Student: 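Below you will find the structure I want to go over with you.
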Number of protein chains: 2
Amino acid sequence: MGTTEVDTRERIVAATSALFMQQGYSATGLKAIAKAGRATTGSLYHFFPGGKAELAAATLRHSGRGYEELVMSVIDGAPDVVTGLRACFAAAADLLRATDYVDACPIATVALEVASSDEPLRQVIDEVFRSWLDAAARRLAADGVPEERAQELAIVFVAALEGGFLLSRVARDASAMESVGRAVVAAVEDALAEARRGS
Amino acid sequence: MGTTEVDTRERIVAATSALFMQQGYSATGLKAIAKAGRATTGSLYHFFPGGKAELAAATLRHSGRGYEELVMSVIDGAPDVVTGLRACFAAAADLLRATDYVDACPIATVALEVASSDEPLRQVIDEVFRSWLDAAARRLAADGVPEERAQELAIVFVAALEGGFLLSRVARDASAMESVGRAVVAAVEDALAEARRGS
DNA sequence: GTCTATAGCTTGATAGAC
DNA sequence: GTCTATCAAGCTATAGAC
């Protein structure tokens with residue numbers, strides 16, 4: 001188990017993730033992936049014998065886990081969820097501006113492409129989103145949001161992020177991300193106030 | 001100006017719109033479009049000499065306008081914006097369920113695909129979204145939401161719709177659309193209450 | 001306006017040397 | 001594990017008959 005094979009595999013997955021984010025699944029050819037990952041067709045099929053489908057599944061799982069860890073670490077780095085969520089939307093807006101509106105959700109583009117046309121990949125993405133929603137709901141509940149409200153607000157949070165990415169990227173203006181962020185923060189603050197009143 | 005040419009052109013655009021919604025821009029070939037629209041390559045290039053790019057631009061403009069009219073007619077069919085927005089999210093959830101989670105936003109998939117890789121199409125979609133946001137903001141303002149809040153809530157509304165479509169399609173469960181709908185309705189109700197208090 | 005045929009290129013995938 | 005060469009099938013776009 002040398003280091004070479006691991007590095008190549010990781011380069012391929014990283015390159016695939018970046019290309020998926022930029023142009024989606026169908027527009028990304030294996031040749032472009034191999035070139036960006038400094039690998040060859042041979043290496044690619046060595047690590048992913050199932051071809052493009054297997055590589056896509058591995059990439060979506062990998063970048064899905066990575067994005068969840070990133071978001072949760074931003075939220076956990078704040079003193080409370082509300083502050084954490086604010087930081088999260090601010091960070092997303094900053095990253096959009098800093099990367100010329102390329103660096104966004106590593107899943108969403110492929111998700112919409114395959115949701116109704118590639119059942120195996122749809123299931124992979126379904127698992128990724130479920131994991132995000134579970135993590136967010138747990139974090140909200142830990143700060144005092146009642147269980148059921150926490151699950152609903154987790155959905156609102158992720159949907160707002162995704163909608164914010166879409167509008168911001170198309171407009172090349174991250175203010176949409178900031179707007180949806182304010183709305184999510186207000187909704188969570190409301191839920192916490194209501195919970196404290198013991199409603 | 002007979003009826004024949006108009007019908008063919010419209011069939012091509014309608015077929016393109018449906019295929020874009022289902023699988024996006026790159027995965028949709030001109031052959032599939034011609035077949036679904038009961039046309040031939042010759043007819044397709046007769047109406048759209050610019051090829052796929054021109055056809056895509058025309059289709060996105062057309063379905064963008066159509067979707068705006070649909071949404072605004074649902075909202076305007078209600079006695080007030082809040083009720084209208086509620087109806088809007090309910091209708092979107094119903095349509096998702098009724099169409100096996102295929103019938104969603106006719107723009108979003110292509111939008112994410114091209115936002116960072118096809119500048120002319122990105123600009124077309126930018127115009128479509130701007131038109132949606134303007135229409136929604138005007139409708140909110142007409143019901144008493146202060147101008148600035150109305151623009152922000154319009155963004156929240158569209159982003160919630162898009163995020164709800166994404167999560168619902170991937171999960172094959174429209175409850176996400178219902179959740180984001182409740183959040184948007186609550187936010188608008190808050191804004192109206194605040195405006196009436198004269199804050 | 002509609003049709004068929006085809007050019008020229010790219011795609012995902014395979015084979016076999018090293 | 002990595003590389004190159006290659007295949008069959010797909011793509012967008014064009015040409016020219018009708």
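A quick note: this is a predicted structure, and the numbers were derived from the prediction, not measured. Naming: A, B, ... by sequence-line order, numbering from 1 per chain.
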Student: Atom CZ of A/Arg11 and atom C1' of D/dT2: how far apart are they, to the nearest Å?
Tutor: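 So the CZ-C1' distance, A/Arg11 to D/dT2, works out to 11 Å.
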Student: Base, sugar-phosphate or nothing for A/Thr28? Non-hydrogen atoms, less than 4.0 Å.
Tutor: sugar-phosphate
Student: Taking only Lys NZ, Arg NE, NH1 and NH2, and the carboxylate oxygens of Asp or Glu, determine whether B/Arg97 and B/Glu178 approach each other closer than 4.0 Å.
Tutor: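 Judged by the 4.0 Å cut-off on N to carboxylate O distance, B/Arg97 and B/Glu178 do form a salt bridge.
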Student: Contacts to DNA chain D from residues 12-23 of chain A, heavy-atom cutoff under 4.0 Å, which residues?
Tutor: none
Student: Just so I know, are the side chains of A/Arg197 and A/Glu194 near enough to count as touching, which here means a heavy-atom distance under 4.5 Å?
Tutor: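 Contact flag for A/Arg197/A/Glu194 side chains = yes.
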Student: In whole angstrom, what separates A/Leu55's CG from C/dA13's P?
Tutor: 10 Å
Student: A/Arg9 CZ to D/dT2 P: how many Å, rounded?
Tutor: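 These atoms are roughly 12 Å apart.
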Student: Find out whether B/Thr16 and B/Thr28 are in side-chain contact, i.e. whether some heavy atom of one side chain is under 4.5 Å from a heavy atom of the other.
Tutor: no
Student: Holding to salt bridge (Lys or Arg N to Asp or Glu O under 4.0 Å), I want the full list of residues that pass it with B/Arg172, two or more places apart in sequence or in another chain.
Tutor: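 For B/Arg172, the residues satisfying salt bridge (Lys or Arg N to Asp or Glu O under 4.0 Å) (neighbours in sequence not counted) are B/Asp100.
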Student: Going by the rule side-chain hydrogen bond (donor to acceptor under 3.5 Å, both in side chains), which residues pair with A/Asp190 if we only count those two or more places apart in sequence or in a different chain?
Tutor: none
Student: So that I know where these two stand, are A/Phe89 and A/Phe157 an aromatic pair - ring centroids less than 6.0 Å apart?
Tutor: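 Close enough - the centres of the two rings lie under 6.0 Å apart.
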Student: Would you please name every residue forming a salt bridge (Lys or Arg N to Asp or Glu O under 4.0 Å) with A/Glu119, sequence neighbours left out?
Tutor: A/Arg122
Student: What residues from residues 112-120 of chain A pass a heavy-atom cutoff of under 4.0 Å to DNA chain C?
Tutor: none
Student: Check whether any side-chain heavy atom of B/Arg61 sits under 4.5 Å from a side-chain heavy atom of B/Glu127, and report yes or no.
Tutor: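 Yes, their side chains come closer than 4.5 Å.
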Student: Could you list, one pair per line, each protein nitrogen or oxygen that sits under 3.5 Å from a nitrogen or oxygen of nucleotides 13-16 of chain D, together with the distance?
Tutor:
residue : atom : partner : partner atom : Å
D/dA13  : OP2  : B/Tyr45 : OH           : 2.8
D/dA13  : OP2  : B/Lys52 : N            : 2.9
D/dA13  : O5'  : B/Tyr45 : OH           : 3.1

Student: In whole Å, what is the span from the CD1 atom of A/Ile33 to the C1' atom of C/dA13?
Tutor: 13 Å
Student: What is the separation between atom NZ on A/Lys35 and atom C1' on D/dT4, rounded to the nearest whole Å?
Tutor: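 Checked: the NZ to C1' distance equals 17 Å.
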Student: Counting C-beta onward and ignoring hydrogens, is there a side-chain heavy-atom pair between A/Leu140 and A/Arg149 closer than 4.5 Å?
Tutor: no
Student: May I have the distance from A/Arg38 (atom CZ) to D/dC3 (atom P), rounded to whole angstrom?
Tutor: 11 Å
Student: Side chain of B/Arg169, backbone of B/Tyr101: donor and acceptor closer than 3.5 Å?
Tutor: yes
Student: Evaluate the side-chain proximity of A/Phe48 to A/Arg9: yes if any heavy-atom separation is below 4.5 Å, no if none is.
Tutor: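 Yes, their side chains come closer than 4.5 Å.
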Student: Rounding to an integer number of Å, can you tell me how far A/Leu44 CG sits from C/dT14 C1'?
Tutor: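 So the CG-C1' distance, A/Leu44 to C/dT14, works out to 13 Å.
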